[in-house]
Amino acid sequence: MANLSMPRSPRLLQLCAALAVAGVLGGCTLAPTYERPQAPVETAYPANAAGSKELEAVNLGWRQFFPDQRLQALIAAALENNRDLRTAALNIEEARAQYQITRADLLPNLNVSGNAARTRTAASQSLTGQPYISNSYQVGLAVPAYELDFFGRVRSLKDAALASYLSTEEAQKSAQISLVAQVAQAYLTERSYAEQLLLADQTLKSREDNLQLAQKRLDVGASSALDFRLTQTLVESARVSKATLERQRAQAENALTLLVGKKVGDLPPAQLLSDEKIVTDIPAGLPSDLLTNRPDIRSAEQSLLSANANIGAARAAFFPKISLTGSFGSASSTLGGLFESGSGAWSFGPSLSLPIFDFGRNSANLDLAEVRKNKAVVTYEKTIQTAFREVADALVARGSLDDQVKAQEAFLSAQQERLKLTDLRFKNGIASSLDQLDAQRDLFSAQQSLIQARQLRLNNAIDLYKALGGGLNENSVSLAAKQ
């Protein structure tokens, strides 16, 4: 095969120069200069935001925040199997592919082309008055229509696609944070129902024993039928509570399984809520820290950047659109002559398109882009406000829930002493059976309330951890300073 050398054609040199100029000018866009909107929140939280500096939420791995090995296993399984998180990861891949497609428009495509044609010309169209058959063969390189991005339309679209991709990536991180918190809170809910169910079962057995004693006392005339019926009501009340808690625990297990994505077996032993060592001493910092720590805020800002870049593309549509096409290769009437001397062929064709009458289409597209940017600004500001409120609510509840648990523990202790004294008074004939049954009923209620208060306090710690952007890292810092 003969060697081909590219002719030093002035037109071909012009084509190369035009492509080089397009690459230089392509750095300019008509997008507005981006300015981050002012955060529409206060500069400080309305509650005490102090805490241990070594335990910042964004640097605290979820395995360290949740020392319970059973809960760690569930969270790890959820990060691997949860369908919503898988969808978020696929959304990232989709956005990345779309960005790569848009970015490819910045550079010209180079295709290898080849064609062959055999044509019969009729005698009536022949210069000789005789029909003849002609052959045509062509092979070479071709540059399809390539837009010279003088006004940054393609680059603005690329910037918009990049920001959209980054927004999707941040949204996936936000989904992971939410999933970690949801699994933990669903687990605590299941554990709370399990503890209350165990308490209800123990209470039911104790009351059934008391009912047998009340039956014997009634049989020998030592108590009235009213006392027996009062004892029976306590038994049935405990049975109702047990049935209700069995249903609630089963539903909580189903909710946890849905979040995890599958039924996990061979789990470590469960802990009581009172033994959970979830970190509660987390500093909230300043509201301005949320702008960099919360993935949902970063996602909203990337969406705003994407909308801002689309304005540049809409503005560029008002200006001329210049495209280039070109090809270089060889052509011959015979296949063997394609690579012979003198068979070189090239073509170069610039084109220009300038909108004149579009019946307001470009203006409407620009208005649409600006409205979408304004909506993105509102969404960004609302995301910041929501994040501020979530942190503020968690901080306000942190101190009050600690006090509530302490008060509930003291209340339970008082109820236990009350029942002991009432039992003694009943045995000595001083108190009535109604006083004893009221004390038993109040003690059961106090025991359940303490379990629920402990769950609320743990949930509050998780809410604050999530609100501050914690839950992305698996392991980051040591808790030795805290211990």
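Because only heavy atoms are used, hydrogens play no part in the values below, and waters and symmetry mates are left out as well, while side chains stay in.
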Assess whether atom CD of Q69 is packed by more than 12 heavy atoms of other residues, nucleotides or ligands within 6.0 Å. no

Charged N to carboxylate O below 4.0 Å: is that the case for E93 and R96? yes

Quick check, are the ring centers of F388 and Y45 under 6.0 angstrom apart? yes

Using modelled atom types only, decide if a donor and an acceptor are shared between the side chain of R153 and the backbone of A316 within a distance under 3.5 Å. no

Nearest-0.5 Å distance that lies between atom CD1 in I278 and atom CZ in F65: 6.0 Å

Is there a donor-acceptor pair under 3.5 Å between the side chain of R103 and the backbone N or O of D159? no

Where do E301 and Y34 land on the side-chain contact (heavy atoms from CB on, under 4.5 Å) test, with the steps shown first? CA-CA 11 Å; E301 185 172 16; Y34 174 74; 2.8 Å; yes

Less than 4.0 Å between a side-chain N and a carboxylate O, is that true for R294 and E390? yes

Run the side-chain contact (heavy atoms from CB on, under 4.5 Å) test on L85 and Q172 for me, step by step, so that the C-alpha distance in whole Å, both residues' side-chain angles and the decisive distance to 0.1 Å come before the verdict. CA-CA 7 Å; L85 197 60; Q172 191 271 344; 3.9 Å; yes

Any sub-3.5 Å donor-acceptor pair from T29's side-chain atoms to G152's backbone N or O? no

For A161 against Q98, the heavy-atom pair lying closest together: CB-O, 4.5 Å

Looking only at heavy atoms, the pair that brings L179 and L79 closest together is CD2-CD2, 4.1 Å

Sorted by first residue and then second, give each salt bridge (charged side-chain N to carboxylate O under 4.0 Å, His left out) pair with at least one member in residues 245-272; sequence neighbours left out. E190-R249, R249-E253

Compare every heavy atom of V405 with every heavy atom of A453, then report the nearest pair and how far apart it is. O-CG2, 3.6 Å

Does any N or O in the side chain of N82 come within less than 3.5 Å of the main-chain N or O of L259, such that one atom is a donor and the other an acceptor? yes

Measure the spacing between CD of Q448 and OG of S192 and express it to the nearest 0.5 Å. 9.0 Å

Distance in Å, L90 CG paired with T168 OG1, rounded so as to fall on 0.5 Å steps: 12.0 Å

Are any side-chain N or O atoms of S164 and backbone N or O atoms of A160, one a donor and one an acceptor, separated by less than 3.5 Å? no

Smallest heavy-atom separation, S156 atom then A309 atom, equals CB-O, 3.3 Å

Looking at side-chain heavy atoms only, is the closest gap between R315 and P32 below 4.5 Å? yes

side-chain contact (heavy atoms from CB on, under 4.5 Å) evaluation trace for N460 with R457: CA-CA 5 Å; N460 170 254; R457 182 176 61 176; 5.6 Å; no

Between the side chains of D393 and R389, is the shortest nitrogen-to-carboxylate-oxygen separation below 4.0 Å, so that they form an ion pair? yes

One should read off an interatomic distance between R298 CZ and T383 OG1, to the nearest 0.5 angstrom, of 13.0 Å

With sequence neighbours left out, what residues match E195 under side-chain hydrogen bond (donor to acceptor under 3.5 Å, both in side chains)? none

Roughly how far, to the nearest 0.5 Å, is the CG atom of L464 from the CG atom of N459? 12.5 Å

Any side-chain heavy-atom pair from K375 and L304 closer than 4.5 angstrom? no

Keeping to residues at least two apart or across chains, list the ring-ring contact (aromatic ring centres under 6.0 Å, His included) pairs with something in residues 262-290. none

Heavy-atom side-chain contact between L286 and T43 under 4.5 Å: no

A317 and N362: which non-hydrogen atoms are nearest, and at how many Å? O-ND2, 3.4 Å

We want to know whether Q452 and Q196 form a side-chain donor-acceptor pair, criterion being a heavy-atom distance below 3.5 angstrom. yes

Are L291 and I384 close enough that some pair of their side-chain heavy atoms sits under 4.5 Å apart? yes

Between CD on residue Q385 and CG on residue L290, distance to nearest 0.5 Å: 12.5 Å

Is any side-chain heavy atom of I92 closer than 4.5 Å to a side-chain heavy atom of Y165? yes

Donor-acceptor under 3.5 Å (T244 side chain, V240 main chain): yes

Parallel, tilted or perpendicular: ring planes of F66 versus Y465, cut at 30 and 60 degrees: perpendicular

Can you find a heavy atom in the side chain of Q72 that is under 4.5 Å from one in the side chain of W62? yes

Does the side chain of L472 reach to within under 4.5 Å of the side chain of I177, using non-hydrogen atoms? yes

For D201, what residues pass the salt bridge (Lys or Arg N to Asp or Glu O under 4.0 Å) criterion, not counting sequence neighbours? K205, K242

Would you check if the side chain of T102 reaches a backbone N or O of K158 as a donor-acceptor pair within less than 3.5 Å? no

Between Q138 and S330, does a side chain to side chain donor-acceptor pair (under 3.5 Å) hold up when you go through it step by step? CA-CA 6 Å; Q138 188 172 3; S330 63; over 6 Å; no

Look only at the side chain of N293 and the backbone of D289, and say whether a donor-acceptor pair between them is shorter than 3.5 Å. yes

Without swapping roles, check the side chain of D463 against the backbone of A394 for a donor-acceptor pair under 3.5 Å. no

With sequence neighbours left out, the residues meeting salt bridge (Lys or Arg N to Asp or Glu O under 4.0 Å) with R83 are none

Under the salt bridge (charged side-chain N to carboxylate O under 4.0 Å, His left out) definition, can you give me all pairs with a residue in residues 57-81, not counting sequence neighbours? R63-E474

Step by step, would you call V143 with L110 a side-chain contact (heavy atoms from CB on, under 4.5 Å)? CA-CA 5 Å; V143 177; L110 185 62; 4.0 Å; yes

Considering non-hydrogen atoms only, spot the tightest contact between Y187 and E276 and give its length. CE2-OE2, 3.8 Å

Tell me, yes or no, whether the heavy-atom count around Q100 atom CD, taken from other residues, nucleotides or ligands under 6.0 Å, exceeds 12. yes

Polar side-chain atom of S299 near backbone of S167 as donor-acceptor pair, under 3.5 Å: yes

With a 4.5 Å cut-off on side-chain heavy atoms, are Q248 and L245 touching? yes

